[in-house]
Amino acid sequence: LIKTGPVIQPVKEGEALAVGDEVVVRIVLRTDRDMVYVHMKDHRGSGTEPVNVLSHFKYQDGLGYYETTRDTASHFFIDYLPKGVYVFEYSTRVQHRGIYQTGLAEIQCMYAPEFNSHSRSLPLTVR
């Protein structure tokens, strides 16, 4: 018998969540060049609240960044972003019933704003 930890399952479009469910937001960032002073902002989905509200410096997968949670979004400040693939995760909890949209994730190099990108928004149904 092998004990396992929590299992994360993707939320499929059209699948309903329940009030109190924990949703792990996962942002996969792919960059083809080194960049400095990057700001990534992930707008939180409507009807959800963050689990962790404390700002902190984080070091993960060879990347150091500062993460802070605000009213409507989580912000990630990166001094140096080497080219590669990075995964950012944080948890939110579903608070209200209804049909909502998830937020957009936006990223921009502060000294070269022409280097930017954003994600798409997905529907979120809570029963």
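Quick caveat: nothing in here was measured; it's all calculated off a predicted structure.
Put simply, the side chain of Thr72 does not reach to within 4.5 Å of the side chain of Arg70, judged on heavy atoms. Annotation: side chain of Ile78 is not in contact with side chain of Tyr86 (no heavy-atom distance under 4.5 Å). Taking 4.5 Å as the limit, some side-chain heavy atom of Arg44 sits within range of a side-chain heavy atom of Pro50. Ile107 is not listed as a side-chain neighbour of Asn116, based on a closest heavy-atom distance of 4.5 Å or more. Within the 4.5 Å cutoff, the side chain of Leu124 has heavy atoms near those of the Leu17 side chain. With contacts defined as side-chain heavy-atom distances shorter than 4.5 Å, the pair Gln108/Phe115 does not qualify. For the pair Val51 and Thr92, the minimum side-chain heavy-atom distance is 4.5 Å or more.
Scanning all heavy atoms of the two residues, the minimum distance from Ser119 to Gly103 falls at OG-O, 4.4 Å. Scanning all heavy atoms of the two residues, the minimum distance from Val24 to Ser91 falls at CG2-OG, 3.8 Å. Listed here is the closest heavy atom pair of Gln101 and Pro123: OE1-CA, 3.5 Å.
Distance check, rounded to the nearest 0.5 Å: OG1 of Thr48 to OH of Tyr100 gives 9.5 Å. How far CD of Glu67 is from CG of Asp42: 10.0 Å, rounded to the nearest 0.5 Å. To the nearest 0.5 Å, atom NE2 of residue His96 and atom OG of residue Ser46 are 10.0 Å apart. Note that OG of Ser74 is 11.0 Å distant from NZ of Lys41, once rounded to the nearest 0.5 Å.
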For residues 27-40, which side-chain N or O atoms pair as donor and acceptor with protein atoms under 3.5 Å away, sequence neighbours left out?
| residue | atom | partner | partner atom | Å |
| --- | --- | --- | --- | --- |
| Thr31 | OG1 | Arg33 | O | 3.0 |
| Asp34 | OD1 | Lys83 | N | 2.8 |
| Asp34 | OD2 | Tyr80 | OH | 3.1 |
| His39 | NE2 | His75 | ND1 | 2.9 |

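The existence of a salt bridge linking Arg93 and Glu49 is excluded, since no basic side-chain nitrogen approaches an acidic carboxylate oxygen closer than 4.0 Å.
Val94 and Val11 fall within a single hydrophobic cluster, where Ile, Leu, Val, Met, Phe, Trp and Tyr side chains are chained together by heavy-atom contacts under 4.5 Å.
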> Can you check side-chain contact (heavy atoms from CB on, under 4.5 Å) on Ile8 and Arg26, steps first, answer last?
Replying inline: CA-CA 11 Å; Ile8 298 176; Arg26 178 178 288 162; 4.2 Å; yes

> Can you check side chain to side chain donor-acceptor pair (under 3.5 Å) on Asp79 and Tyr66, steps first, answer last?
Replying inline: CA-CA 9 Å; Asp79 287 341; Tyr66 186 76; over 6 Å; no

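For the salt bridge (charged side-chain N to carboxylate O under 4.0 Å, His left out) test, no residue two or more places apart in sequence or in another chain qualifies with Arg97. Considering only residues two or more places apart in sequence or on other chains, Phe88 meets the ring-ring contact (aromatic ring centres under 6.0 Å, His included) condition with Tyr65, Phe76.
Side chain of Asn52 to backbone of Leu54: a donor-acceptor contact under 3.5 angstrom is found.
The number of heavy atoms from other shown groups lying within 6.0 Å of CG (Leu104) is above 12. With a 6.0 Å radius and a threshold of 12 heavy atoms from other residues, nucleotides or ligands, Phe57 has its CZ atom above the threshold.
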